[in-house]
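Both backbone and side-chain heavy atoms feed into the values below; hydrogens, waters and symmetry mates do not. Numbers restart at 1 for each chain; the letters A, B, ... are given by sequence-line order, proteins then strands.
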Amino acid sequence: MDDFYRENILDHYRHPHNKGELAQPTHTHQEDNPLCGDVIRIDLDVNENDVIDQVGFSGEGCAISQASASMLTEMLEGKTLEEAKQLGKEDILAALGIELGPVRLKCALLSLKVLKGAVYGLSSLPDDEDEDW
Amino acid sequence: MDDFYRENILDHYRHPHNKGELAQPTHTHQEDNPLCGDVIRIDLDVNENDVIDQVGFSGEGCAISQASASMLTEMLEGKTLEEAKQLGKEDILAALGIELGPVRLKCALLSLKVLKGAVYGLSSLPDDEDEDW
Amino acid sequence: MFDVDVIRQDFPILHQQVNGKPLVYLDSAASSQKPLPVIQAMDEYYRTTHANVHRGIYQLSERATEAYENARKKIARFINARSWREVVFTRNATESINLVAYAWGRHHVKAGDTILLTEVEHHANIVPWQQLAAETGASVAYLPVDERGCCDMAALELLLDNTVKLVAFTQMSNVLGTILPAEEIIARSHAAGAVVLMDGAQGVPHMATDVQALDVDFLAISGHKMLGPTGIGILYGKRHILEEMPPFLTGGEMIRRVTKDSAEWNDLPWKFEAGTPAIAEAIGLGVAVDYLNRLDMHSVRQHEIDLMSYALRRLSQVEGICLYGPHDPTARGGAIAFNLGDTHAHDLASILDHEGIAIRAGHHCAMPLHQKLGVPATARASFYVYNQPSEVDRLAEVLEMARQLLEG
Amino acid sequence: MFDVDVIRQDFPILHQQVNGKPLVYLDSAASSQKPLPVIQAMDEYYRTTHANVHRGIYQLSERATEAYENARKKIARFINARSWREVVFTRNATESINLVAYAWGRHHVKAGDTILLTEVEHHANIVPWQQLAAETGASVAYLPVDERGCCDMAALELLLDNTVKLVAFTQMSNVLGTILPAEEIIARSHAAGAVVLMDGAQGVPHMATDVQALDVDFLAISGHKMLGPTGIGILYGKRHILEEMPPFLTGGEMIRRVTKDSAEWNDLPWKFEAGTPAIAEAIGLGVAVDYLNRLDMHSVRQHEIDLMSYALRRLSQVEGICLYGPHDPTARGGAIAFNLGDTHAHDLASILDHEGIAIRAGHHCAMPLHQKLGVPATARASFYVYNQPSEVDRLAEVLEMARQLLEG
Ligand SMILES: Cc1ncc(COP(=O)(O)O)c(C=O)c1O
Ligand SMILES: Cc1ncc(COP(=O)(O)O)c(C=O)c1O
């Protein structure tokens, strides 16, 4: 049991990093997962060099969605927008370090989806590549 | 094989009894079975004593429907209308003397259905008692 | 007679380990497991009997037809229908409800009419009516329930005005477990001139259901929730109502005659069964009904009342737990929703799964009810004939561990 | 590679006696038999894996979901769909066609429009369009065929005026065996601005079918005719068309979100799969597709051409026989209709059954075609991967006996 929700997940869940809204974000986006009611919003403050100065997430939901949002915001600190776009599924899963079924995967990846919405803007969002055969 | 379509069925099929239409029947009725295209018409001449003086059947279809129609008309000769109403499924099946599956049963019983239509008139037809549980 | 140890021997799926722990299956409200006689009957059917039904003039087809129609008769008797002609095979309860919404609804519901539902309904008994309302200009109203799922019967009286054409309600809540007062709802709805559909997806598998005693007009059932296979459901409808309804799906089997310009419908119930039916599945469901009859539906119900009494007691000892639904085990079926402190139900489900315990977490296809309860999700454990008190104990123990783990 | 003796070992049902004679099953056009891998996969599923799909956060449900969705992918590849999202599970080909008639038809077909069919269609591809026409004020027209089922392509050009919104035709006649010129019909229909539905119930089980090469908009398939179980069918639809269609059946599974007043649909293909799907059946159909792939669809086709060549030759020796459909075995699939003198097809079927031979007799759900042929009924023998020349011989022999018996 103890090896399942690993300490780092529980740490991030109990003490989330970068939790909170930014006053005047340059980029912001929010989505929810109606299946479980998880809601995540991410605010970014991107400076003139396209570097993420500040990041904040808010919302509520399960330990997995909250912990992965917290982990994701940590990864974003100091990255350029271009680098943020490169972040993918694998990065989140590596950070979580546990195996997840398809339903929980959606919890884990919600914050990534929100991030993409924030950095691309909804209209230019690249296609979900979740279509592997 | 020879024991299946018994001689009496084949006889009635090849040489049907009472085949033909009556000129001025007192009772007449026709039905078809769309599943196979069998059509049977039965004409009756019933006298003032309610006795069937003459009977004729016409139509076309499979050996079973034609033979059973021929057998049925034989049974009708000289019967009263009341007696004709008493004729049932068992009488036809006994006359045919072979086992039939549900589809062929419909062929076998078409002429009986037509007879009921003729003697009762469509509006006062008793309910199909084919509803056994 | 009702011996869970013996019953469990008939369910091979239960005897497996998940993550090295024995499987505890507590999700029968989503779908039940299948006993060997059901599995074997279908296997046997394909090995010895399969052919298309109804039109074949050869023995395989005649045997297949007889088995298929015989299954219909078993089900008709199980719900005490007047005639097997009142039993239509569908894919699931959802299709049964849609059949009524399309074939009955499109012809009887008009602009200004009301379709009355309750606040505990499953999406299957909400969305088809929303669609019907959107197409016809009718409106959908909801009978309020309290937080335990009990209907406000005074409100029912008020809501049942003369615009109400149809009342559609669930026999048993799939979330709260609440058993609705079916007889009273049906009688009052009829008195107000409404037709009544009962969603029996949860009720029929768990309690004896008599359509004649209830006098219900339509009843929707899922086979897979009552020990039967997937891919088969039932729509019961009163004969005179089914008779005057136009067909829903059209094609082969449901016609008597077709020309280039027109078609003439077959007799009931085939008028509503277009195309090759789910033959093996109907046969499997017939055997499931045999199995339930052998257990006896009153014993099934008593077993679940006993198990629920125990569960209510044992689970309420878990610190921080919030149990939904009626306190009285005789007022509810074998499903119980809960939350644990601020922990999300998804986390509970993951942790329970890690310990081999299968429950469901989420909105259970009842989002409006969860909006009412004010929570986005609940965890739900649900029982059936093969569940036993020791499984409730396992659930409670792991919930206690989960609390400690997550609350830290 | 393609060894019928070996294949027959996989079909336990074939190894039985009927009336003391070995069963000769010649009714695969009505429904095919199932090989052991298909039967066993479903049995295994219920014994080890069953749970409701898509929402479950536990291993049984995750395994069931994976198996179910994996079956979809196999089928998508089998017909060369661009994406598994274009593959919707239904009950049978009939439901697939009805889905299009309701969800696409009700929104695209208007008064004055034409739905163009052919004269060889099965009722499943006639009646739903008659109903749509009756509701919308559109009309149904029929592309004429000759007595061998070959389409009058000049007439097609004339019929394809700008009122034609939909062309629906069968890939292969279930009576005459005729293979229709699908590519040409589709291309010309598209050129005329019509959407095209192909009824693949008979074609897909018997010949390699590539939806991208054909460029067909909708394809309807029955699982039970292609070695799969009952209770499962397929609707293929081009993604952009499915995307813009409203849903058909509504309820759980097919929604993303529901409030008391409204609902939001799920992604493709689940938008069209309301309620608990036919899970075991989808898995069984996936295994049937594996089996066909292993045999190789080109070999399946060649086998049937060989068998049909032999059948055409052998059966034409029966005195008084009238064989329907194309003379060229490469122009037809493995179904052959016939009549014997004035003998009714029902009598033939009864006599054949008495000798253990299962054929079909009647109008084969194609009454308009029979009206065209001028006969109320035909007898039909149909072949599949497990049939062999010796069975054709048996058929011919018993037909000769029947002739003598009935003609006396
Ligand atoms: C050409 C054709 N279309 C449609 C169907 C209907 O198939 P199903 O009964 O599986 O829906 C059939 C089956 O007989 C057929 O032969
Ligand atoms: C109350 C209720 N109604 C309807 C349904 C739908 O059943 P199915 O998915 O078998 O159509 C369910 C199943 O979850 C249910 O619990």
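Of the residues considered (C:Thr94, C:Val258, C:Val127), C:Val258 shows the highest number of contacts with chain D, using heavy-atom pairs under 4.5 Å. Between chain C and the residues D:Ala93, D:Ser262, D:Ser139, the largest count of heavy-atom pairs under 4.5 Å involves D:Ser262. Of the listed residues (D:His363, D:His370, D:Arg360), the one with the most heavy-atom contacts under 4.5 Å to chain C is D:Arg360. Chain C forms the most heavy-atom pairs under 4.5 Å with one residue out of D:Pro277, D:Ala124, D:Gly233, D:Ala366, and that residue is D:Ala124. Of the listed residues (C:Gly356, C:Cys365, C:Ala349), the greatest number of heavy-atom pairs within a distance under 4.5 Å of chain D belongs to C:Ala349. Taking C:Gln130, C:Lys372, C:Gln131, C:Met367 one by one and counting their heavy-atom pairs under 4.5 Å with chain D, the maximum is reached by C:Gln130. Each of D:Leu249, D:Thr230, D:Asp353 has some count of heavy-atom pairs under 4.5 Å with chain C, and the biggest count is that of D:Thr230. Ranked by heavy-atom pairs shorter than 4.5 Å toward chain D, the options C:Thr276, C:Ile279, C:Asp43 are led by C:Thr276. The candidate from C:Ala274, C:Ser61, C:Ala361 with the greatest count of non-hydrogen atom pairs under 4.5 Å with chain D is C:Ala274.
Side-chain rings of C:Tyr45 and C:Tyr68 stay apart, their centers remaining 6.0 Å or farther from each other. Ring-centre distance between C:His50 and D:His224: not below the 6.0 Å cut-off.
The part of D:Arg63 that comes within reach of chain C is its side chain, from C-beta onward, which places non-hydrogen atoms under 4.5 angstrom from that chain. In this structure, chain C has heavy atoms under 4.5 Å from both the backbone and the side chain of D:Gln59. Heavy atoms closer than 4.5 Å to chain C are found nowhere in D:Asn125, neither backbone nor side chain. Contact of D:Asn92 with chain C is made through the side chain alone, with heavy-atom distances under 4.5 Å. With a 4.5 angstrom heavy-atom cutoff, D:Leu23 touches chain C only via side-chain atoms. For D:Ile232, no part lies near chain C; criterion is any non-hydrogen pair under 4.5 Å. Using a 4.5 Å cut-off between heavy atoms, D:Ile126 contacts chain C through its side chain alone, with no backbone atom that close. No part of D:Ser28 comes within reach of chain C, as not one of its non-hydrogen atoms sits under 4.5 angstrom from that chain. Proximity to chain D is limited to the side chain of C:Leu36, based on heavy atoms less than 4.5 angstrom apart. Only the side chain of D:Leu60 comes within less than 4.5 Å of a heavy atom in chain C; its backbone stays farther off. With a 4.5 angstrom heavy-atom cutoff, D:Pro229 touches chain C via backbone and side-chain atoms both. Heavy atoms of D:His346 lying under 4.5 Å from chain C belong to its backbone as well as its side chain. Contacts of D:Phe11 with chain C are absent, with no heavy-atom separation under 4.5 Å from either backbone or side chain. In this structure, no portion of D:Trp129 lies under 4.5 Å from any heavy atom of chain C. Neither the backbone nor the side chain of D:Ser222 comes within contact range of chain C, judged by heavy atoms closer than 4.5 Å.
When every heavy atom of D:Ser350 is checked against every heavy atom of C:Ile57, the shortest pair comes out as OG-CG2, 3.5 Å. Contact between C:Ile255 and D:His123 at its shortest, heavy atoms only, is CD1-ND1, 3.5 Å.
Of the possible donor and acceptor atoms, none in the side chain of D:Tyr142 sits under 3.5 Å from a partner among the backbone N and O of D:Glu121. Side chain of D:Glu355 to backbone of D:Lys21: no donor-acceptor contact under 3.5 angstrom is found.
Note that CD of C:Glu95 is 6.0 Å distant from CZ of C:Phe248, once rounded to the nearest 0.5 Å. If you take CD on C:Gln40 and CG on C:Asp10, they are separated by 9.0 Å, rounding to the nearest 0.5 Å. With rounding to the nearest 0.5 Å, the separation of CD1 in D:Ile359 from CG in D:Leu348 is 6.0 Å. One finds the OG1 atom of D:Thr250 at 5.5 Å from the CE atom of D:Met254 (value rounded to the nearest 0.5 Å). Atom CD1 of residue D:Ile357 and atom CG of residue D:Asp27 lie 13.0 Å apart, to the nearest 0.5 angstrom.
Using the six-membered ring where Trp is involved, C:Tyr58 and D:Tyr25 have ring planes that are perpendicular, over 60° apart on the 30 and 60° scheme.
C:Tyr46 does not carry D:Lys34 over the face of its six-membered ring by the limits of under 6.0 Å from the centre and within 45° of the normal.
Between C:Lys260 and D:Glu119, at least one side-chain nitrogen of the basic residue sits less than 4.0 Å from a carboxylate oxygen of the acidic one, meeting the salt-bridge criterion.
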